[in-house]
Amino acid sequence: MKVLITLLMGFFFVGAAFAEDAAPASAGKKIFMDKKCAGCHAIEAEGIVKKTPATKTGPPDLSTVGADAKPGFIAKYLMKEADIKGKKHMMKFAGTPEELKTLAAYLEGLKGKAEEKK
Ligand code: HEC
């Protein structure tokens with residue numbers, strides 16, 4: 001019986017840890033939707049699609065944007081303080097610093113399917 005209780009408690013704590021992990025990600029996703037990022041960007045790996053299909057020159061799908069982003073870069077980029085290949089982002093992020101942090105952390109975590117997609 002003791003073993004069973006210990007096991008159950010183990011599962012409970014692992015579950016709680018996962019739930020805690022998932023919270024910032026879903027918060028980041030919510031900000032992404034609230035700030036209308038999805039109007040231009042799809043994140044296929046997250047089930048975020050936009051009405052118009054992605055084109056070679058249009059806003060990129062962000063499914064793997066975290067794969068080679070240096071820590072802190074995305075937040076700077078979204079504030080137009082950094083550029084990619086000489087280009088700054090189209091719009092400066094309009095939200096609180098906390099929202100920016102959560103959103104950037106969420107995007108940095110998007111590393112999915114980099115290998116599968118070619
Ligand atoms: C009006 C359209 C538009 C909106 C809205 C928009 N973006 Fe973008 N975004 C672009 C385009 C276009 C690019 C490609 C770079 C360029 O040409 O500026 C880009 C690039 C990016 C990149 C870099 C991708 C890479 O190449 O690595 C990130 C990250 C990004 N956007 C995040 C966001 C986030 C987060 C939001 C919401 C706060 C957002 N974007 C809103 C058009 C948009």
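All figures in this text were calculated on a predicted structure; none of them were measured in a lab. Remember, it's 1-based here, ligands and their atoms both numbered in the order they're listed.
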query: If you count the atoms of ligand 1 from 1 in the order shown, which ones are under 4.0 Å from a heavy atom of Phe93?
result: 38 (C)
field: Residue, atom name and distance, where the atom is the protein heavy atom closest to atom 29 (C) of ligand 1
entry: Val65 CG2, 3.8 Å
query: For ligand 1, which atoms have a heavy atom of Leu107 less than 4.0 angstrom away?
result: 35 (C)
- prompt: Of all the atoms in His89, is at least one N, O or S atom closer to atom 8 (Fe) of ligand 1 than 2.8 Å?
  reply: yes
task: Identify, for atom 32 (C) of ligand 1, the protein heavy atom at the shortest distance, and state residue, atom and that distance.
output: Leu78 CD2, 3.5 Å
Nearest non-hydrogen protein atom, atom 13 (C) of ligand 1: Pro60 CD, 3.6 Å
Proximal ligand 1 atoms for Leu103, defined as those under 4.0 Å from one of its heavy atoms: 35 (C)
message: Just so I know, are the side chains of Phe93 and Ile31 near enough to count as touching, which here means a heavy-atom distance under 4.5 Å?
response: yes
message: Yes or no: does Gly39 have any heavy atom under 4.0 Å from an atom of ligand 1?
response: no
statement: In this structure, atom 4 (C) of ligand 1 is nearest to the protein heavy atom Cys40 SG, 3.2 Å
task: Say whether, by atom type as modelled, one donor and one acceptor occur between the side chain of His89 and the main chain of Met79 under 3.5 angstrom.
output: no
task: From atom 12 (C) of ligand 1, work out which of Met33, Glu99, Met90 has a heavy atom at the shortest distance.
output: Met90
Distance from atom 18 (O) of ligand 1 to nearest protein heavy atom, with residue and atom: Lys88 O, 3.5 Å
field: Short side-chain to backbone donor-acceptor contact, Glu108 and Pro71, under 3.5 Å
entry: no
field: Minimum-distance pair of heavy atoms, taken over all atoms of His41 and Phe32
entry: CB-CZ, 3.8 Å
- request: Report yes if some heavy atom in the side chain of Tyr106 is under 4.5 Å from a heavy atom in the side chain of Ile43; otherwise report no.
  value: yes
message: I'd like the name of whichever of Lys87, Glu108, Met91 reaches closest to atom 17 (O) of ligand 1 through any heavy atom.
response: Lys87
- request: Using 2.8 Å as a strict upper limit, say whether an N, O or S atom of His41 approaches atom 8 (Fe) of ligand 1 that closely.
  value: yes
field: Atom pair CG/NZ of Leu78 and Lys35 - distance to nearest 0.5 Å
entry: 12.0 Å
- request: Could you pull out the closest heavy-atom pair between Tyr77 and Ala82, with the gap in Å?
  value: CD1-O, 3.4 Å
query: With side chains defined as the heavy atoms from C-beta onward, is the minimum distance between Met33 and Ile48 less than 4.5 Å?
result: yes
- request: Starting from atom 25 (C) of ligand 1, find the nearest protein heavy-atom neighbour and note its residue, name and distance.
  value: Ile84 CD1, 3.8 Å
message: With a heavy-atom distance limit of 4.0 Å, tell me whether Cys37 approaches ligand 1 through its side chain, its backbone, both, or neither.
response: both
Rounded distance [0.5 Å steps], NZ in Lys80 versus NZ in Lys92: 9.0 Å
- prompt: Which heavy atom in Asp61 sits nearest to a heavy atom in Glu44, and how many Å separate them?
  reply: OD2-N, 3.1 Å
- request: May I ask you to identify the nearest protein heavy atom to atom 22 (C) of ligand 1, giving residue, atom name and distance to one decimal place in Å?
  value: Tyr77 CE2, 3.3 Å
